[in-house]
2 protein chains.
Amino acid sequence: MVSLLKSEMSNRRKLPVEVTHEVRDNCYCLHLQRAARATARRYDDALRPLGLTSGQFSLLMSLNRVEPPTMGDVASLLAMDRTTLTANLKPLERRGLVELAVDPEDRRSRRLSLTEAGRAQLITALPVWRRTQKETESVVPDSHAERLRADLTALGGGPTPPKSPR
Amino acid sequence: MVSLLKSEMSNRRKLPVEVTHEVRDNCYCLHLQRAARATARRYDDALRPLGLTSGQFSLLMSLNRVEPPTMGDVASLLAMDRTTLTANLKPLERRGLVELAVDPEDRRSRRLSLTEAGRAQLITALPVWRRTQKETESVVPDSHAERLRADLTALGGGPTPPKSPR
DNA sequence: GACCATAATGTTGATATCAACGGTTCAATG
DNA sequence: CATTGAACCGTTGATATCAACATTATGGTC
């Protein structure tokens, strides 16, 4: 009885350090956030002279298409919340790098396209990206690169939208 | 002459779609952001009933130590900017899950510790984490899991601080 | 044509992320 | 003990992220 109570109290009040280590060493979410933050900093640092963040670079690049994509298309491609995309477009729109236009075929949709200035920015940024990409590659053993990207793609939820209902 | 000019103009005004595909398929930053966003959503969805986000769970878990760590310790462990940690602690402090105390040994440092309520929250969240972790594991081929975590750790910049100078 | 379910997007509020700047404390040097 | 450089941290402003709610447009049904 007493020992049971004691163990119950202990269970309610403490969490063994071993469990913390288990989470710290294995949690996919934590590992991904760590790696994503550190890697974003690499690309951010490299792109800063151009006035672009890594996310802005990725977004601009995803707009370089023949057919201007819709918000939903891009949000899905980046595995990004739809409303996050709306927010991220604002600074780029303000700077005249991106344009939004109502789709005449379906007036609910907005078509996103690069402006001349946006394309120019991308072209300037490309060699910076190549250099940073190579630097980052050196952190990951060559033999792992392909598999790593495949695993990340799988975790990213594939090409399908992250959530249909919303 | 004419063709040279044409090619120059073309280079300045357009970016081949193939380059876009090269970036989209290979960029470590983009792949990591995608995977990190999608995975955070998994854990966020699972933890929402408890009122915790994935980041808050990771942060609380990193505070479950014998010796209360300093801000710098934790920021380094999470590969997170120091000032981001300050911001992230505020809601947890408001809810009484975390306490900050000036280190008497070095009054520049703050020691972070869990409150009773914080530990209780962690204990409640643990089975949710285990379940979500297992779900996520099913997305990554078993044979890759160990290697994936190792690569992510390498990308995360190891246990050293992300930036010394600032 | 009115009605309704669905689809695509916008808005608001809360948290997350980081650069730039500023304040305090420590430790070493003279 | 005064100075000085470094270490640790907070604040501010800008962007990023997402849930909840609201708006507008489309397509189909009656």
Side-chain angles (χ1 to χ4, degrees), chain A residues 29 33-34 36-45 47-49 51-59 69-76 78-95 100-112 161-166, chain B residues 29 33-34 36-45 47-49 51-59 69-76 78-95 100-112 161-166:
Chain A
C29 193
Q33 297 300 328
R34 273 182 50 94
R37 280 192 285 255
T39 303
R41 270 194 288 270
R42 281 178 198 278
Y43 287 77
D44 284 345
D45 289 346
L47 291 167
R48 184 161 309 119
L52 284 182
T53 66
S54 56
Q56 292 172 337
F57 174 78
S58 295
L59 175 48
T70 66
M71 305 271 309
D73 291 340
V74 177
S76 164
L78 303 179
M80 175 187 290
D81 191 276
R82 188 179 52 74
T83 66
T84 303
L85 179 57
T86 300
N88 292 2
L89 284 170
K90 291 208 170 150
L92 299 177
E93 212 184 345
R94 249 199 321 273
R95 284 194 265 164
L100 282 76
V102 174
D103 182 345
E105 304 290 315
D106 181 344
R107 299 181 27 176
R108 295 171 298 180
S109 301
R110 320 266 167 202
R111 295 284 173 176
L112 308 179
K163 256 185 180 178
S164 349
R166 273 315 290 278
Chain B
C29 194
Q33 297 299 327
R34 274 181 51 95
R37 280 191 285 255
T39 304
R41 270 193 289 268
R42 281 179 198 278
Y43 288 77
D44 284 346
D45 289 346
L47 291 167
R48 184 162 308 119
L52 284 182
T53 66
S54 56
Q56 292 172 338
F57 174 78
S58 295
L59 175 48
T70 66
M71 306 269 309
D73 291 341
V74 177
S76 163
L78 302 180
M80 176 187 289
D81 190 277
R82 187 180 53 75
T83 67
T84 303
L85 178 57
T86 300
N88 292 1
L89 284 170
K90 290 207 170 153
L92 299 178
E93 212 184 344
R94 248 198 324 271
R95 283 194 265 165
L100 282 77
V102 173
D103 182 345
E105 303 290 315
D106 180 345
R107 301 180 26 183
R108 294 169 300 181
S109 302
R110 320 266 166 201
R111 295 284 173 176
L112 307 179
K163 257 186 179 179
S164 351
R166 272 315 291 277

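All figures in this text were calculated on a predicted structure; none of them were measured in a lab. Residue numbers begin at 1 in each chain, while the letters A, B, ... track the order of the sequences. Values reported hereafter were calculated over all heavy atoms of this structure, with side chains retained and with hydrogens, waters and symmetry mates removed.
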Student: Can you tell me the distance, in whole Å, between the CG atom of B:Leu52 and the P atom of D:dC18?
Tutor: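 After rounding, the gap between these two atoms is 18 Å.
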Student: Grab the CE-C1' distance between A:Met80 and C:dT9 for me, whole Å please.
Tutor: 16 Å
Student: Measuring from the side chain of A:Thr83 (C-beta onward, heavy atoms only), which nucleotide among C:dC26, D:dT17, D:dA19 has the closest atom?
Tutor: D:dA19
Student: Atom CZ of A:Arg37 and atom P of D:dA16: how far apart are they, to the nearest Å?
Tutor: 17 Å
Student: Taking OP1 and OP2 of C:dA16, is either one under 4.0 Å from a side-chain nitrogen or oxygen of B:Gln56?
Tutor: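 The answer is yes; a side-chain N or O of B:Gln56 sits under 4.0 Å from OP1 or OP2.
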Student: Strictly below 4.0 Å: does B:Thr53 bring a side-chain N or O up to OP1 or OP2 of C:dA16?
Tutor: yes
Student: Rounded to the nearest 0.5 Å, how far does CZ of B:Arg48 lie from OG1 of B:Thr53?
Tutor: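 It is 10.0 Å, given to the nearest 0.5 Å.
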Student: Considering only heavy atoms and no angle criterion, is a donor-acceptor pair shorter than 3.5 Å present between the side chain of A:Arg108 and the base of C:dA7?
Tutor: yes
Student: As a test of reading the structure: which of C:dT9, C:dA19, D:dA25 is closest to the side chain of A:Arg110, going by heavy atoms?
Tutor: C:dT9
Student: Whether B:Asp44 and B:Arg41 form a salt bridge (side-chain N of Lys/Arg under 4.0 Å from carboxylate O of Asp/Glu) is what I want to check.
Tutor: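 Answer for the salt bridge query: no.
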Student: Starting at CG of B:Asp103 and ending at P of C:dT25, how long is that distance when rounded to a whole Å?
Tutor: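 Interatomic distance, CG of B:Asp103 to P of C:dT25: 13 Å.
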Student: May I ask you to verify if any side-chain N or O of A:Asn88 is less than 4.0 angstrom from the OP1 or OP2 atom of D:dT15?
Tutor: no
Student: Looking at B:Arg41, does any N or O in its side chain come under 4.0 Å of the phosphate oxygens OP1/OP2 on D:dC18?
Tutor: yes
Student: Between A:Leu78 (CG) and D:dC18 (P), how many Å, whole number?
Tutor: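 About 11 Å, once rounded to whole Å.
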Student: Want to settle it: does A:Ala40 or B:Arg95 sit nearer the 5' end of DNA chain C, counting the closest nucleotide to each?
Tutor: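 Upstream on the strand: B:Arg95.
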Student: Given C:dT17, D:dA20, D:dT11, which nucleotide is nearest the side-chain atoms of A:Arg82?
Tutor: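 The answer is D:dA20, which lies nearest to the side chain.
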Student: Which comes earlier along DNA chain D counting from the 5' end, the contact point of A:Leu89 or that of A:Asp106, where each point is its nearest nucleotide?
Tutor: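 Comparing both residues, the 5'-ward one is A:Leu89.
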Student: Between B:Tyr43 (OH) and D:dC18 (P), how many Å, whole number?
Tutor: 16 Å
Student: Let me know the distance between CG of B:Leu85 and C1' of C:dT17, rounded to the nearest Å.
Tutor: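 Roughly 12 Å, once rounded to whole Å.
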Student: What contact category does B:Arg111 fall into here, base, sugar-phosphate, or nothing, at under 4.0 angstrom with non-hydrogen atoms?
Tutor: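 It contacts nothing in the nucleic acid.
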Student: Taking 4.0 Å as the cut-off, does a side-chain nitrogen or oxygen of B:Thr84 come that near to OP1 or OP2 on C:dA16?
Tutor: no
Student: Out of D:dC8, D:dC18, C:dA16, which nucleotide sits closest to the side chain of B:Ser109?
Tutor: D:dC8
Student: Figure out the CG/C1' separation between B:Leu112 and D:dC9, and round it to whole Å.
Tutor: 11 Å
Student: Determine whether the side chains of B:Arg95 and B:Gln56 contain a donor N or O and an acceptor N or O closer than 3.5 Å.
Tutor: yes
Student: Where the side chain of A:Asp81 is concerned, which of D:dC9, D:dC18, D:dA16 is the nearest nucleotide?
Tutor: D:dC18
Student: Reckon B:Lys90 has a side-chain N or O less than 4.0 Å from the OP1 or OP2 of D:dT11?
Tutor: yes
Student: Do you know the tightest heavy-atom contact between A:Val74 and A:Pro69?
Tutor: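 Looks like CG2-CG, 3.6 Å.
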Student: Assign each of B:Pro104 and A:Met71 to its nearest nucleotide of DNA chain C by heavy atoms, then name whichever residue's nucleotide is nearer the 5' end.
Tutor: A:Met71
Student: Walk me through it: do A:Arg111 and A:Leu100 pass the test side chain to side chain contact (heavy atoms under 4.5 Å, CB included)?
Tutor: CA-CA 6 Å; A:Arg111 295 284 173 176; A:Leu100 282 76; over 6 Å; no
Student: Heavy atoms under 4.0 Å, any strand shown: does B:Gly72 hit a base, just sugar-phosphate, or nothing?
Tutor: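 Touches sugar-phosphate only.
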Student: Within the distance-only criterion (no hydrogens, no angle test), does the side chain of A:Thr84 pair as donor or acceptor with the backbone N or O of A:Met80 below 3.5 angstrom?
Tutor: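 Not confirmed, A:Thr84 side chain does not pair with A:Met80 backbone.
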